[in-house]
Amino acid sequence: MANAFRKNACRGGRIGWLLPAMALIVEAGWEICRQLGGIYTVLRSKANAMVQHSGENYALLGPYDPPSAQIEFEEKQGTGVYHRAARKLSAMGIEAKAGIWLVPGRPQTILLDISSILPRAAELRYFAWEHHGIDCGGPDAMLDEVLAFGEASRLFLEKLLEEAGGEPIVAHFHEWMGGAAIPQMRRENLPIGIVFTTHATLLGRYLATSRDDFYDTLPAADWAVEAERHGIAPRVRLERAQAHGAHVFTTLSELTALECKHLLGRTPDLLLPNGIHFEHLPATHEVQNLHQKFKQNIERFVIGHFFPSYTFDLDRTLYFFTSGRYEYGNKGYNVTLDALAVLNQKLKAAGSDRTVIFFLITRRPHHNFHPDVLGSMGLMEELKLVCEAIEKQVGDRLFVQAATGKRPWLYELVDEYWWLRLKRAMHSWKTARNPFIITHIPQDENDEVLRHIRRIGLLNGTEDPVKIIYHPDFITTTNPLFHMEYGEFVRGCHLGIFPSYYEPWGYTPLESIALGTPAITSDLAGFGNYVMDHVEKPEEAGLYLYKRRFLNYSDSVTTLAEKLWNFARLERRDRIELRNRTEILSARFDWMELAGHYFQAHALALDRLKHSR
């Protein structure tokens, strides 16, 4: 392979470092080929841009998880450098499966079976202490798996060095679970450029969850004391060793950089903003057509859920939503619900004819769908079937009667059987109770969201213009309430609400605008923080920046409620124009625009490696 160099531009005007054109780039992560959290989305969506740039020189490295691999991974035989290294590792007794990840770009992927290393967990914990001063404590199932993956990753990279023929190698590790190989790689002085990216510090997540003043108290936090207090000291020590051992340490935003400085003891060298993969941008007319199509699916659910109790004008109804991992305070579910209560009062006081239905989509322990919720849907389908049968019968008979010159009455066109069935369906359809606020039977009746909804009194009463649907599961095509993918659901909504208090990046608002749905994001989210510095007047394109950092809770609620109120008063024409501008704005976050930041980090790692030897 030629050791040529080429200039990589960080799109958007920034010039990147010189990266060897034939450098081998390996990205290692715990969530490769298995969906556990946000890093899965990062690696999955970025893969196509990396393959476009580096082709067969790019590969991903992750732990082998059979259930996920069956769906996401295709094992393939090959003769390339990664396949040869995998076969060498397998010959040592550590099975390395080489193939492709079934995502756009179809990147080369190596999955390491760590089951053969796990019996050595006590030995790995001992060497962590002996070689690196990392006290791992006693047995810890998660930590043991992480250390085993780190050992398997290191051994694979050693085999890759043997097969690389002197070509430069960059190993880019994501999060503390993916980067356990770093300390030993540095101890052995392996000639590999090491990049470590923390998407959120482990300790930061714990502190933000337990404190309302996280950012105010962050500079004074004693990481060792806090790690012990939260019972995660061994993991935090390992994370700090990874951050300090990498040639290049990176994170996502200025907010997480501040967190790294105080909790990991190293300021990141570079920021790597997250992007999204686009197949293509729909034409302007397609944006509205897709919204209308999927909004009808949502309306089907709304009719089935609400109309047995009471009705409202669907043409004057707006659909708001939030979604993500269940972190009641960090994700801003609390401030969102309180702001909706304020919006409810504003709409009442103004005598507005608008209805706002808010969907809170997250995964929580539950038993099953509530039988009454499913029952309403079943009755709606019966009513719809009867109406369609009557419609067909009327259409066929009306033509015959009209063709013979008769003026028929409606009752003459429909069999008595269908009239009776319609009457029974309409009678069974109605109920005196309010629509449920939750679609499933929860395992925990003291769930924070449920308690909050009950406390603010938004219980889907007839008199309240703001209605709430708490859906404690993902939305998929197999979901009997919606029969649609999550992305289709987002397209059918009018506004996404993501007022995070702690969010290292935040893919949900980015996904929302990429699907043409305006969104609110917080300046305490990495994405919102990035937008604040890089996008002029984002509100004009449907991305509302909610400046929450220096607001107390009460002011945060008031500010968010005002934004919801202003959006709720937009007319249909205004929302259509906004939706078109929103999808255009999202193109600025295409990975083909942002991947250059990664190449800059890789080139810097190779440069530091060269000067350290």
Side-chain angles (χ1 to χ4, degrees), residues 28-32 36-43 62-63 124-125 128-129 132-150 153 172-183 194-211 214-215 217-246 249-253 255-268 271-272 274 324-327 329-331 500-506 524-526:
W30 194 252
E31 298 185 27
I32 289 165
L36 299 173
I39 300 167
Y40 169 89
T41 305
V42 175
L43 296 171
L124 296 176
R125 290 196 302 273
W129 167 252
H132 313 294
I134 302 171
D135 183 359
C136 293
D140 175 335
M142 170 58 78
L143 186 60
D144 289 348
E145 288 187 7
V146 166
L147 291 172
F149 176 60
S153 299
H172 189 153
F173 298 92
H174 291 265
E175 284 288 82
W176 76 275
M177 292 181 292
I182 294 174
I194 300 172
V195 181
F196 176 59
T197 297
T198 181
H199 297 249
T201 68
L202 181 62
L203 184 55
R205 286 196 183 277
Y206 278 80
L207 294 179
T209 302
S210 62
R211 291 181 176 177
F214 171 65
Y215 290 101
T217 59
L218 180 60
D222 184 322
W223 73 268
V225 171
E226 294 293 347
E228 289 288 353
R229 186 166 71 87
H230 288 282
I232 54 172
R235 302 179 185 192
V236 173
R237 292 188 194 103
L238 178 59
E239 184 180 30
R240 285 175 66 89
Q242 293 167 18
H244 288 269
F249 176 43
T250 72
T251 191
L252 312 183
S253 68
L255 282 171
T256 44
L258 184 67
E259 198 179 316
C260 293
K261 175 184 176 182
H262 294 295
L263 300 181
L264 296 183
R266 181 177 177 182
T267 300
L271 301 182
L272 306 183
N274 285 336
R325 188 171 50 248
Y326 187 89
E327 293 182 10
N330 286 351
K331 295 292 186 184
S500 300
Y501 175 72
Y502 176 83
E503 184 73 77
W505 181 252
L524 291 179

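Model, not experiment: these values are computed from the prediction.
- Pro234 and Leu143 get closest at one heavy-atom pair: CB-CD2, 3.8 Å.
- The two atoms that bring Leu524 and Ser500 nearest to each other are CB-O, 3.6 Å, heavy atoms only.
- Tyr326 OH: more than 12 foreign heavy atoms inside a 6.0 Å radius.
- In this structure, Glu239 and Ile232 have side chains that are not in contact, with every pair of non-hydrogen atoms separated by 4.5 Å or more.
- Considering every non-hydrogen atom in both Arg266 and Ala243, the closest pair reads NH1-O, 2.7 Å.
- By the 4.5 Å heavy-atom criterion applied to side chains, Glu31 and Glu175 are not counted as neighbours.
- Between Trp30 and Glu145, some side-chain heavy-atom pair lies under the 4.5 Å cut-off.
- Atom OH of residue Tyr215 and atom OH of residue Tyr501 lie 7.0 Å apart, to the nearest 0.5 angstrom.
- Residues Ala180 and Leu147 come closest through the heavy atom pair CB-CA, 4.4 Å.
- Scanning all heavy atoms of the two residues, the minimum distance from Lys261 to Thr267 falls at CG-OG1, 3.7 Å.
- Within the model, atoms CZ of Phe214 and CG of Asn330 stand 9.0 Å from one another, a figure rounded to the nearest 0.5 Å.
- For the pair Leu202/Leu263, no side-chain contact is recorded, criterion being any heavy-atom separation below 4.5 Å from C-beta on.
- Interatomic distance, Arg235 CZ to Asp140 CG, rounded to the nearest 0.5 Å: 4.5 Å.
- No hydrogens or angles considered: nothing links the side chains of Thr251 and Thr198 as a donor-acceptor pair under 3.5 Å.
- Note: His199 and His174 have tilted aromatic rings, judged against thresholds of 30 and 60 degrees for the angle between ring planes.
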Could you walk me through whether Glu503 and Glu327 pass the side-chain contact (heavy atoms from CB on, under 4.5 Å) check?
-> CA-CA 10 Å; Glu503 184 73 77; Glu327 293 182 10; over 6 Å; no
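- Remark: Leu203 CG to Glu259 CD distance equals 8.5 Å, nearest 0.5 Å.
- Here the closest non-hydrogen pair linking Tyr502 and Gly204 is OH-C, 3.7 Å.
- Note that CG of Asp135 is 5.0 Å distant from CZ of Arg237, once rounded to the nearest 0.5 Å.
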side-chain contact (heavy atoms from CB on, under 4.5 Å) between Leu272 and His172, intermediate numbers included = CA-CA 12 Å; Leu272 306 183; His172 189 153; 3.8 Å; yes
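- To the nearest 0.5 Å, the span separating CD1 on Ile134 from CD on Gln242 amounts to 7.5 Å.
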Show your reasoning for whether side-chain contact (heavy atoms from CB on, under 4.5 Å) applies to Trp505 and Val42.
-> CA-CA 10 Å; Trp505 181 252; Val42 175; over 6 Å; no
